[in-house]
Amino acid sequence: MSTLKAVRGTRDLLPPETDLWNRVEATARQVFARYNFGEIRTPVFEDTQLFARGVGEETDIVSKEMYTWEDRERFDARAMREAWLSRDPNFFNSRTNVRTTESTIDLIVQRPGVLFEKPVKVVELVNFRPTIRQQDIDDLRKIVHRYSPEDPAAQKIGFLVVPSQRNADLATKEHTSKDKVVVVPISGKFFQSSQSLTLRPENTAGVVRAYIEYKLGESGLLQKLFYIGPQFRRERPQKGRYRQFWQIGAEVIGPPSAGSESPVRDAEVLEMLATFLDELGITGWTLVLNSVGSANDRPRYIAALREALKDKAPKMCADCQRRAETNPLRVLDCKVPEDQPIIETLPRIADYLDEDSRAHFATVLAALDACGVKYEVNPRLVRGLDYYTRTAFEFTHGGLGAQNALLGGGRYDGLSEAIGGPKAPGIGFAIGLDRLILTLQAQEQQAVTLADAYIAPLGEAQNSAALELARELRRAGLRIELGDGSFRLKKSFETGDKLARKIVLLGEDELRSGILTVKDFASGEQTKVPREELASHLR
RNA sequence: GCGGCUAUAGUUCAGCGGCAGAACGCCUGACUGUGGCUCAGGAUGUCGUGGGUUCGAUCCCCACUAGCCGCCCCA
């Protein structure tokens with residue numbers, strides 16, 4: 001049998017790496033808390049429509065990268081019962097006697113027989129099921145026989161009613177059964193339309209969905225929410241790019257009356273991100289931002305861009321020629337050196353912003369200047385998700401290779417309405433946690449976290465006493481690694497040196513006297529410590 | 001999704017159409033309650049998986065899987 005491995009693009013996070021993950025997440029929680037954000041946890045999968053409408057049908061994410069599946073269809077037993085009853089409206093005296101469920105045999109109707117030639121009495125046992133198994137037939141047969149004790153005149157029949165498309169072979173086979181069980185295929189629509197579900201490729205749409213669903217806007221207050229969780233995109237795995245990847249994100253969203261459109265919100269979010277990265281100790285990040293225009297500005301700009309590209313695209317690289325057709329904004333992103341002079345001549349979004357957008361962006365920049373957050377304006381910065389409007393930004397970092405975006409985000413003033421909610425402008429970001437960890441790891445080689453002490457029982461007889469001592473110290477809040485009395489002393493020292501800062505020897509002498517031998521690995525210094533002072537000595 | 005490179009011991013990697021290798025790590029002993037140094041000895045393994053060529057394949061060929069790099073896209 002081939003060995004099972006983590007599937008493509010997914011991975012396991014193990015110690016000591018997980019220590020780093022926890023540190024990053026803890027720092028995010030601390031920093032966000034200072035800005036008065038609260039945590040939201042949304043489901044890992046959502047209705048596919050949420051992403052189609054929110055992220056945009058034409059985006060790469062939605063059109064080719066989502067993990068989407070049809071949820072199992074639901075069987076509509078009620079519809080099937082109706083179909084069965086209406087097959088012959090006079091068949092039953094009273095429909096109120098008919099009780100059905102999807103999986104139980106619970107229908108008994110008594111009346112003079114009409115279906116069969118000479119029965120005195122007919123008992124129908126009806127089982128409505130989406131599919132039918134041999135087991136059902138056997139069960140029903142047993143019941144039929146229980147209902148026909150000695151009376152040979154009594155004709156009792158069990159009916160198994162199934163949707164005609166299902167179990168066709170079984171149905172026809174059993175139809176000829178002489179055993180008082182008849183399988184009745186009924187045609188009709190008995191399977192409720194199933195639902196298309198999708199593993200979330202990003203989390204903003206889910207947050208906005210929750211905002212709408214719980215009418216958070218009705219509070220009249222700005223909602224400030226953050227999340228930490230896995231996202232899923234079916235892309236080719238690469239460094240810093242996985243099919244299950246982690247994001248830490250936050251959203252500021254609310255009705256316009258709560259100030260959700262204010263440029264100070266944009267600046268505050270950006271300032272918070274700068275603080276977060278600084279507190280983590282990430283050096284060398286760059287904030288790049290741009291205004292991609294409002295819902296009114298963008299179409300005008302794209303039209304102008306297409307117009308300009310008609311002449312210029314043929315002189316550009318093959319990718320750009322394709323992008324000029326499919327997604328003209330992406331041409332601005334091109335990294336081919338020869339194309340750069342041409343790109344410089346293309347229309348700039350800044351020239352197509354209306355007065356509001358222009359003023360909004362200027363105010364964001366002024367606020368950043370005021371609080372000393374450094375940034376670069378890149379008029380060519382574009383984003384891959386349809387919902388972004390006006391302020392769009394990235395924090396980039398060298399040393400991430402092709403995936404140099406550490407985090408990205410922007411304003412999404414029309415998202416709520418796009419998915420059927422009230423007007424609720426917002427701004428948010430998503431941090432690529434995997435990439436953040438990569439840059440942190442590149443910056444500092446990670447030290448294994450050493451335990452405060454390694455307890456070495458000398459001889460197996462000391463094992464239980466050592467466990468007791470370990471319990472005592474652990475309860476005092478110390479990080480303790482417990483050895484094994486079967487180890488030779490040399491091995492205890494070697495193992496202890498790898499795992500802990502100090503070693504505590506527990507042999508017969510120590511146990512008798514209550515004075516423990518403690519040796520510090522770094523200094524080589526050995527001391528005798530009374531048991532009651534041990535915890536404070538180790539701290 | 002496209003192109004390139006890679007896959008051998010726990011790890012990092014050599015290697016060759018004919019007995020599977022090094023370093024580090026690991027285990028044992030020298031050394032019975034004091035490690036790191038030293039010395040002696042030992043085990044490392046389906047050579048990614050499946051097929052093909054061959055007398056013979058870890059090596060050559062094909063497919064698959066996974067990883068890395070670039071593209072695309074994004075965080």
>> Determine whether A:Glu468 and A:Ser464 satisfy the following criterion, side-chain hydrogen bond (donor to acceptor under 3.5 Å, both in side chains), listing intermediate values before the conclusion.
In response: CA-CA 6 Å; A:Glu468 190 197 340; A:Ser464 49; over 6 Å; no
Pair assignment for [N], Watson-Crick or G-U wobble, requiring both distances under 3.5 Å:
N	result
B:rU32	none
B:rC24	B:rG10
B:rG1	B:rC71
B:rC64	B:rG48
B:rG56	none

Is it the case that the side chain of [X] and the backbone of [Y] share a donor-acceptor pair, with hydrogens and angles ignored and the cut-off at 3.5 Å?
X	Y	result
A:His360	A:Glu261	yes
A:Thr48	A:Leu197	yes
A:Asn463	A:Gly485	yes

Side chain of [X], base of [N]: donor and acceptor closer than 3.5 Å?
X	N	answer
A:Arg233	B:rA75	yes
A:Arg236	B:rG3	yes
A:Gln462	B:rG33	no
A:Gln238	B:rC71	yes

>> Which is more 5' along RNA chain B, the nucleotide nearest A:Lys490 or the one nearest A:Ser523? Just name the residue.
In response: A:Lys490
>> On RNA chain B, compare the nucleotides closest to A:Phe493 and A:Glu394; which residue's is nearer the 5' end?
In response: A:Phe493
[atom1] atoms of [N] and [M], separation to the nearest Å:
N	M	atom1	value
B:rU58	B:rC26	P	32 Å
B:rC59	B:rU54	C1'	13 Å
B:rG52	B:rC24	C1'	38 Å
B:rC64	B:rG29	C1'	48 Å
B:rG15	B:rA9	P	15 Å
B:rU6	B:rG42	C1'	33 Å
B:rU8	B:rG21	C1'	10 Å
B:rU28	B:rC60	C1'	43 Å

Quick check for you: among [options], whose closest atom lies nearest to any side-chain atom of [X]?
X	options	answer
A:Arg234	B:rG1, B:rC73, B:rC26	B:rG1
A:Phe521	B:rG35, B:rC68, B:rA75	B:rG35
A:Glu235	B:rC72, B:rG33, B:rA75	B:rA75
A:Glu494	B:rA75, B:rG35, B:rG3	B:rG35
A:Arg241	B:rG67, B:rC72, B:rC27	B:rC72
A:Arg488	B:rC31, B:rC68, B:rU34	B:rC31
A:Thr517	B:rU34, B:rC26, B:rG4	B:rU34
A:Arg8	B:rC72, B:rU34, B:rG67	B:rG67
A:Glu508	B:rC69, B:rG35, B:rG33	B:rG33
A:Asp497	B:rG35, B:rG33, B:rC73	B:rG35

> Mind telling me whether B:rC19 is syn or anti, cutoff 90° either side of 0?
Replying inline: syn
Round to the nearest Å and state the distance from [X] atom [atom1] to [N] atom [atom2].
X	N	atom1	atom2	answer
A:Met316	B:rC71	CE	P	16 Å
A:Lys498	B:rC24	NZ	C1'	12 Å
A:Ile503	B:rG36	CD1	P	12 Å
A:Leu381	B:rA75	CG	C1'	13 Å
A:Asp520	B:rG35	CG	C1'	13 Å
A:Tyr412	B:rA75	OH	C1'	16 Å
A:Glu525	B:rG36	CD	P	20 Å
A:Leu329	B:rC73	CG	P	11 Å

Which part of the nucleic acid does [X] contact within heavy-atom distance under 4.0 Å: base, sugar-phosphate only, or nothing?
X	answer
A:Leu407	sugar-phosphate
A:Tyr242	base
A:Gly408	sugar-phosphate
A:Lys519	base
A:Asp434	nothing

> Would you find more than 12 non-hydrogen atoms of other residues, nucleotides or ligands less than 6.0 Å from A:Glu508 atom CD?
Replying inline: no
>> What verdict does the side-chain contact (heavy atoms from CB on, under 4.5 Å) test give for A:Arg411 and A:Asp266, after you've listed the backbone C-alpha separation in whole Å, the side-chain angles of each residue and the deciding distance to 0.1 Å?
In response: CA-CA 8 Å; A:Arg411 196 159 257 295; A:Asp266 305 41; 2.5 Å; yes
>> Taking the ring centre of each residue, are A:Phe226 and A:Phe37 less than 6.0 Å apart?
In response: no
>> Checking A:Glu344 against A:Arg380 for the salt bridge (Lys or Arg N to Asp or Glu O under 4.0 Å) test, could you report, in this order, the C-alpha distance in whole Å, the side-chain angles of both residues, the deciding distance, and whether it holds?
In response: CA-CA 9 Å; A:Glu344 293 300 325; A:Arg380 283 154 54 172; 3.0 Å; yes
> Any salt bridge between A:Arg501 and A:Asp452, counting N to O under 4.0 Å?
Replying inline: yes
